[in-house]
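On a predicted model such as this, the values are computed, not experimentally measured, just so you know.
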Amino acid sequence: PAMEWNEFGVLYATASWRPGAAEPIARGMLEYYRAAPNDDFGRTPLLHVLALAGMEAELRAELARAPMHPLHDDWFVTTEASVRALVAGYVGDQVMARQSVELLGPLSGRMAVSGISIVIGPVDGYAAIALATLGEREEAATFAERAETLAARWGMTAYLRSLAGWRERFGF
């Protein structure tokens with residue numbers, strides 16, 4: 001099964017960090033997902049690239065199509081909670097933001113990862129986006145500063161640009 005998802009993983013990672021790459025990948029993922037709507041494994045990455053591509057109508061339609069399953073502790077949970085924080089910030093979903101903060105807060109100082117293959121950045125940055133979505137800008141700023149420190153140490157320049165955009169958007 002890992003080999004079947006290998007190409008998908010490469011495309012997903014590319015969409016996550018290369019400006020302009022998200023939209024064509026999101027369109028392909030959306031086409032695939034509409035053909036296999038019960039594929040929960042692909043849903044979080046789909047929501048992620050739709051948000052990154054700025055495809056708000058498609059993102060809102062997918063969120064309305066089916067409820068999100070509850071988060072549970074597995075190899076993907078830090079990435080899933082982080083993506084949900086970003087999606088919550090993008091669409092202003094306070095319930096999703098609160099659920100993300102509840103999971104990410106205790107993981108402060110760690111990286112959001114999918115198993116061993118994809119690192120999407122410090123959980124603190126995603127917690128900051130969720131907190132800002134909830135209107136908690138001072139706490140969001142504290143989390144964002146921790147995320148910036150860790151991301152700078154890891155040399156994550158694309159992540160730092162992304163977080164700066166969120167900080168500007170929400171004023172934290």
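- Using a 4.5 Å heavy-atom threshold, the side chains of Glu62 and Arg34 count as separate.
- To the nearest 0.5 angstrom, Tyr33 atom OH is 5.0 Å from Arg65 atom CZ.
- For the pair Val101 and Ala130, the tightest heavy-atom approach, listed with the atom from each and the gap, is CG2-CB, 3.3 Å.
- Between Ser108 and Arg146 the shortest heavy-atom distance is OG-NE, 3.3 Å.
- Rounded to the nearest 0.5 angstrom, Leu63 CG and Met68 CE are separated by 6.5 Å.
- Using a 4.5 Å cut-off between side-chain heavy atoms of Ile, Leu, Val, Met, Phe, Trp and Tyr, with links allowed through other members, Ile25 and Met55 fall into the same hydrophobic cluster.
- Exactly one residue among His69, Arg43, His48 makes a side chain to side chain donor-acceptor pair (under 3.5 Å) with Glu80. That residue is His69.
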Inset, instruction - Check the pair Thr78 / Arg110 against side-chain hydrogen bond (donor to acceptor under 3.5 Å, both in side chains), numbers first and verdict last. - result: CA-CA 9 Å; Thr78 56; Arg110 298 182 186 181; over 6 Å; no
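- Annotation: the span from Leu47 atom CG to Leu86 atom CG amounts to 10.5 Å, rounded to 0.5 Å.
- Minimum interatomic distance between Gly125 and Tyr159 (heavy atoms only, all atoms of both residues): CA-OH, 3.0 Å.
- Counting only heavy atoms from C-beta outward, the side chains of His72 and Val77 never approach each other to under 4.5 Å.
- Using modelled atom types, no side-chain atom of Ser162 and backbone atom of Ala158 make a donor-acceptor pair closer than 3.5 Å.
- In terms of heavy-atom proximity, Val123 sits nearest to Gly109 at CG2-N, 4.5 Å.
- The shortest heavy-atom contact between Val119 and Met111 is CG1-SD, 3.9 Å.
- Ionic pairing of Glu31 and Arg27 is not present here: no N-O contact between side-chain nitrogen and carboxylate oxygen is shorter than 4.0 angstrom.
- Pro122 has its side chain out of reach of Trp154: every pair of non-hydrogen atoms, C-beta onward, lies at least 4.5 Å apart.
- Within the 3.5 Å criterion, the main-chain N or O of Ile120 finds a donor-acceptor partner in the side chain of Tyr126.
- Residue Glu23 holds its CD atom at 12.0 Å from CG of Leu52, rounded to the nearest 0.5 Å.
- Taking all atoms of both residues into account, the shortest heavy-atom contact from Leu103 to Pro106 is O-CD, 3.4 Å.
- Using a 4.0 Å cut-off between charged nitrogen and carboxylate oxygen, Glu136 and Arg98 count as a salt-bridge pair.
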Legend entry - Check against side chain to side chain contact (heavy atoms under 4.5 Å, CB included), Tyr90 and Arg60: CA-CA 10 Å; Tyr90 192 77; Arg60 288 184 184 279; over 6 Å; no
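- To the nearest 0.5 angstrom, Glu56 atom CD is 11.0 Å from Leu50 atom CG.
- Ring geometry for Phe172 versus Phe170: interplanar angle of 30 to 60°, hence tilted.
- Listed for the Thr133 side chain is no donor-acceptor partner under 3.5 Å among the backbone atoms of Gln94.
- With contacts defined as side-chain heavy-atom distances shorter than 4.5 Å, the pair Val87/Leu59 qualifies.
- Linking ILVMFWY residues whenever their side-chain heavy atoms come closer than 4.5 Å, directly or via other members, leaves Leu163 and Leu131 in distinct clusters.
- Atoms CD1 and CG, from Ile129 and Leu134 in turn, are 12.0 Å apart once rounded to the nearest 0.5 Å.
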